[in-house]
Structures are given as C-alpha cells and as structure tokens.
Amino acid sequence: MTTLVIAEHDNVSLKPATLNTVTAALQCGGEVHVLVAGLAAGAAAASAAQMAGVSKVLLVEADTLAHAVAENMAAQIVALAPGYSHLLFAATAAGKNMAPRVAAMLDVAQVSDISKVISLDTFERPIYAGNAIATVQSLDGIKVLTVRSTGFDAVALTNQAQAAIENVAAVAVPGYTQYLGSEIAKNDRPELTAAKIIVSGGRALGSQEKFNEVMTPLADKLGAAIGASRAAVDAGYAANDLQVGQTGKIVAPQLYIAAGISGAIQHLAGMKDSKVIVAINKDPEAPIFSVADYGLEADLFTAVPELTAAL
C-alpha cells in the first residue's frame, strides 16, 4: 500500500499546497512517495526529501516537463501509477488540470476535493458550497484524489533529508500540447492561497477607488494579502484573481478580516476554515457574523481606518 503525491513546484521550491497534500497521504497509510517532475528540479526534490514521513522522492527531468503541461505530466504519472494504490494531487488549478486526465487514462473515478481521510478507500468531501459533507467510498484499484489543502495541516519540513531521491527516466509524451510562454503577474503581497493574513472587501466599499483607499493601508500594516467577495469582483472593484469563495480561491489563513462582506454561502465556502475570522459590517443580521470569531457592527469607512491607525 503506497501513495504517490504529485508535487507542485517551480523547479526550485515546493508550492505550499504540496505539504498539505503529503499530510493527507500519510493518513492513507503505508509508504508515501513524492513525484517531482520538471527540469533542473534538483532543489525542489531536495526540499521534498525533507518532508517528514516521506520515504522516497522520484525525480523525473525532461524538457517536456519543464512547465508542468498537464498532458505531458499525465503521461508521466500514468506510467508510474501501477506501483501505487493512491495518487494524490493538491486541489489547485494545476492539480485540477492533471488529476482528471490521469483518472480518465486509468479508467477510474476521481474523488475531488477531499477534506478528510476516513480509511484507505473512504473519504469526506464538501458539497453544496460546503453546507454538507459527503462520505465517498472508492472501490477502484488505484484511487485518484485531489486534496483540499485547508482540510489538512502542512507536514513539517526537517533540516535534513528524510527520504532517498531516485532518478526516474522520462516517458515519451504525446506532444499535442506545447508550452509557448507565459505572462507572470508580479505582486509584492503574499500569494492569496498561502497568506497567513488576508483582508477582504465587499460590495459595500462602493468603488474601486474606495476599495483601494480603505483596504490597501490595512493590508500594508498587517503584511497581508488582499481578497474580495464575488460581488466586489463583479462590480469591478477588485481583480478576478482576488476573489475568495466557491468560484474563487479557497483560503484558510491564520487571520481573515472581512469588511463590508455580507457572507453569502458561496463566500463562506471559501474562507470559513480560517483560524480566526473578524467581520466588520453595519448590518447586524449579516450572515458573516455567524462564522466570525469577532464581529464589529460598524460602518467600515470609519472602523477600518481606525483599525489601521491603531495598528
């Protein structure tokens, strides 16, 4: 009984979601191996070898794997799959791109977005925007799972290698898809899904100018990432990549501050696993207060600048 975790990385360092995925893999029982597929990815493999509980790191390097093109990655993973009982991906954009392809090629049913491992073949996953939890059993010989990172703590990184690194030959890939280039958005703030503190604004801010004027100073003081509700994004107050919620990004920071967000279930689905939730809203009946650890019934245009000044 051996589990393979597909690592997400930039050929130098691991993406944080990989550490949460390894925790889920350890709960499946048996040995845990990590696949690092890329080009000149030795540093990423070395980091993977330092994760507690990992017994082996498979390093595959090829030009076709340099940018983690889903079709090429799927071919490599399927070639390795017969040696494993479970294949685990983080439920990120990259993981959700690769896992369905692998499941289809193996002719098995994928179990998506698991938040708890009950046994070797039984898992929990949220449904209905997180308002219900489904218990799902998979009888497939190889189980393909995507892991909701907010449901599992990150595995510890040790100061020395815990696992051996084994070089594995790359397989031939179809070549139907080629990487041509990318435009990387640069941001001085922490990545939203990995930030320890997030301040989010809602439609009540009224305009893009007010959103930036009120939320940015608070984020600067806290060294926080900035998020937004879908209503704020749809209204043009914030960029699409800042959206938190069921159709946006799922986050679970140490501190989540929601200003002017009423708390529709779609938004709550994306942030209710945050360790501490602070809500600022002038409507005492706002649903956001039902999940908040601290609630302040106040006008955000007064309260947020006062909070920023106090910090």
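Small disclaimer: the values here were computed from a predicted structure and weren't measured.
- Counting only heavy atoms from C-beta outward, the side chains of L222 and V199 approach each other to under 4.5 Å.
- S119 and T122 share a side-chain donor-acceptor pair at under 3.5 Å.
- Checked by atom type and distance alone, the side chain of D283 pairs as donor or acceptor with a backbone atom of E285 at under 3.5 Å.
- Inter-residue side-chain proximity for V304 and I280 is flagged as met; some heavy-atom pair is nearer than 4.5 Å.
- Counting non-hydrogen atoms of other residues, nucleotides and ligands closer than 6.0 Å to CG of N167 gives a total above 12.
- Salt-bridge formation is not detected for the pair D299/K282: no Lys NZ or Arg NE/NH1/NH2 atom is positioned less than 4.0 Å from an Asp or Glu carboxylate oxygen.
- Distance alone, capped at 3.5 Å, is enough to place a donor-acceptor pair between the Y237 side chain and the G206 backbone.
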Can K116 and F123 be said to form a side-chain contact (heavy atoms from CB on, under 4.5 Å), step by step?
-> CA-CA 6 Å; K116 184 177 181 180; F123 314 93; over 6 Å; no
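- Residues N20 and V147 fail the side-chain proximity criterion, which asks for heavy atoms closer than 4.5 Å.
- Looking at every heavy atom in both residues, M271 comes nearest to V244 through CB-CG1, 4.0 Å.
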Go through T193 and I250 one step at a time and tell me if the side-chain contact (heavy atoms from CB on, under 4.5 Å) criterion holds.
-> CA-CA 7 Å; T193 53; I250 309 296; over 6 Å; no
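- Using a 4.5 Å cut-off on side-chain heavy atoms (C-beta onward), T3 and H33 make no contact.
- Of the possible polar contacts, none joining the K272 side chain to the V291 backbone as a donor-acceptor pair under 3.5 Å is found.
- Within the 4.5 Å cutoff, side-chain heavy atoms of L58 are placed close to those of L80.
- The shortest non-hydrogen separation linking L242 to I226 is CD2-O, 3.3 Å.
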For the pair T23 and Q27, evaluate side-chain hydrogen bond (donor to acceptor under 3.5 Å, both in side chains) and give the outcome as yes or no after the intermediate values.
-> CA-CA 7 Å; T23 298; Q27 294 179 15; over 6 Å; no
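- Between the S85 side chain and the T2 main chain, a donor and an acceptor come within less than 3.5 Å of each other.
- In this structure, the side chain of N281 does not engage the main chain of G260 through any donor-acceptor pair within 3.5 Å.
- Side chains of Q162 and V54 form no contact here, defined as non-hydrogen atoms less than 4.5 Å apart.
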Working for side-chain contact (heavy atoms from CB on, under 4.5 Å), residues L311 and L218 | CA-CA 8 Å; L311 290 167; L218 178 59; 3.6 Å; yes
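- Residues E8 and F89 are not in side-chain contact: their nearest non-hydrogen atoms beyond the backbone lie 4.5 Å or more apart.
- Heavy-atom neighbours of R230 CZ from other residues, nucleotides or ligands within 6.0 Å: at or below the threshold of 12.
- Checking side-chain atoms of H86 against main-chain N and O of A25 turns up no donor-acceptor pair under 3.5 Å.
- D107 CG: 12 or fewer foreign heavy atoms inside a 6.0 Å radius.
- Applying the side chain to side chain donor-acceptor pair (under 3.5 Å) rule to T308 yields no partners; only residues at least two apart in sequence or on another chain are considered.
- Note on ring orientation: taking the six-membered ring where Trp is involved, the planes of Y179 and H67 are parallel (angle under 30°, cut-offs 30° and 60°).
- Remark: Q110 pairs with S112 by the side chain to side chain donor-acceptor pair (under 3.5 Å) rule, at least two apart or across chains.
- With hydrogens and angles ignored, the 3.5 Å screen pairs no side-chain donor or acceptor of H9 with any backbone N or O of A43.
- Under the 3.5 Å distance criterion, with hydrogens and angles disregarded, no donor-acceptor pair is assigned to the side chains of E306 and T302.
- In this structure, R101 and A70 approach most closely via the heavy-atom pair NE-CB, 3.4 Å.
- With a 6.0 Å radius and a threshold of 12 heavy atoms from other residues, nucleotides or ligands, Q137 has its CD atom above the threshold.
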Salt bridge (charged side-chain N to carboxylate O under 4.0 Å, His left out) assessment of D113 paired with R148 | CA-CA 5 Å; D113 221 21; R148 175 173 283 213; 2.9 Å; yes
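- Shown here for E61 and A40, the closest heavy-atom pair between the two residues is OE2-N, 2.8 Å.
- Put simply, V102 and V171 are part of two different groups of oily side chains (I, L, V, M, F, W, Y) that touch within less than 4.5 Å, one to the next.
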List the steps and the verdict of side-chain contact (heavy atoms from CB on, under 4.5 Å) for K143 and D121.
-> CA-CA 8 Å; K143 293 158 183 60; D121 63 0; 3.5 Å; yes
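- For Y256 and S200, the side-chain atoms include at least one donor-acceptor pair closer than 3.5 Å.
- In this structure a side-chain-to-backbone donor-acceptor pair under 3.5 Å is present from N11 to A66.
- In the hydrophobic clustering of ILVMFWY residues, with side-chain heavy atoms under 4.5 Å counting as a link, V144 and I118 come out apart.
- The shortest non-hydrogen separation linking A298 to A303 is CB-CB, 4.1 Å.
- Between E31 and K56 there is no salt bridge, since no side-chain nitrogen of the basic residue lies less than 4.0 Å from a carboxylate oxygen of the acidic one.
- Counting heavy atoms from C-beta on, the side chains of I127 and I133 never come closer than 4.5 Å.
- Q208 meets the side chain to side chain donor-acceptor pair (under 3.5 Å) test with no other residue; sequence neighbours excluded.
- In plain terms, the two heavy atoms of V36 and A7 that are nearest each other are CG2-CB, 4.1 Å.
- S274 places no side-chain N or O within donor-acceptor distance of the main-chain N or O of V276, the cut-off being under 3.5 Å.
- From K196, atom NZ reaches atom CD of Q254 across 7.0 Å, with rounding to the nearest 0.5 Å.
- The closest donor-acceptor contact from the side chain of S55 to the backbone of V32 lies under 3.5 Å.
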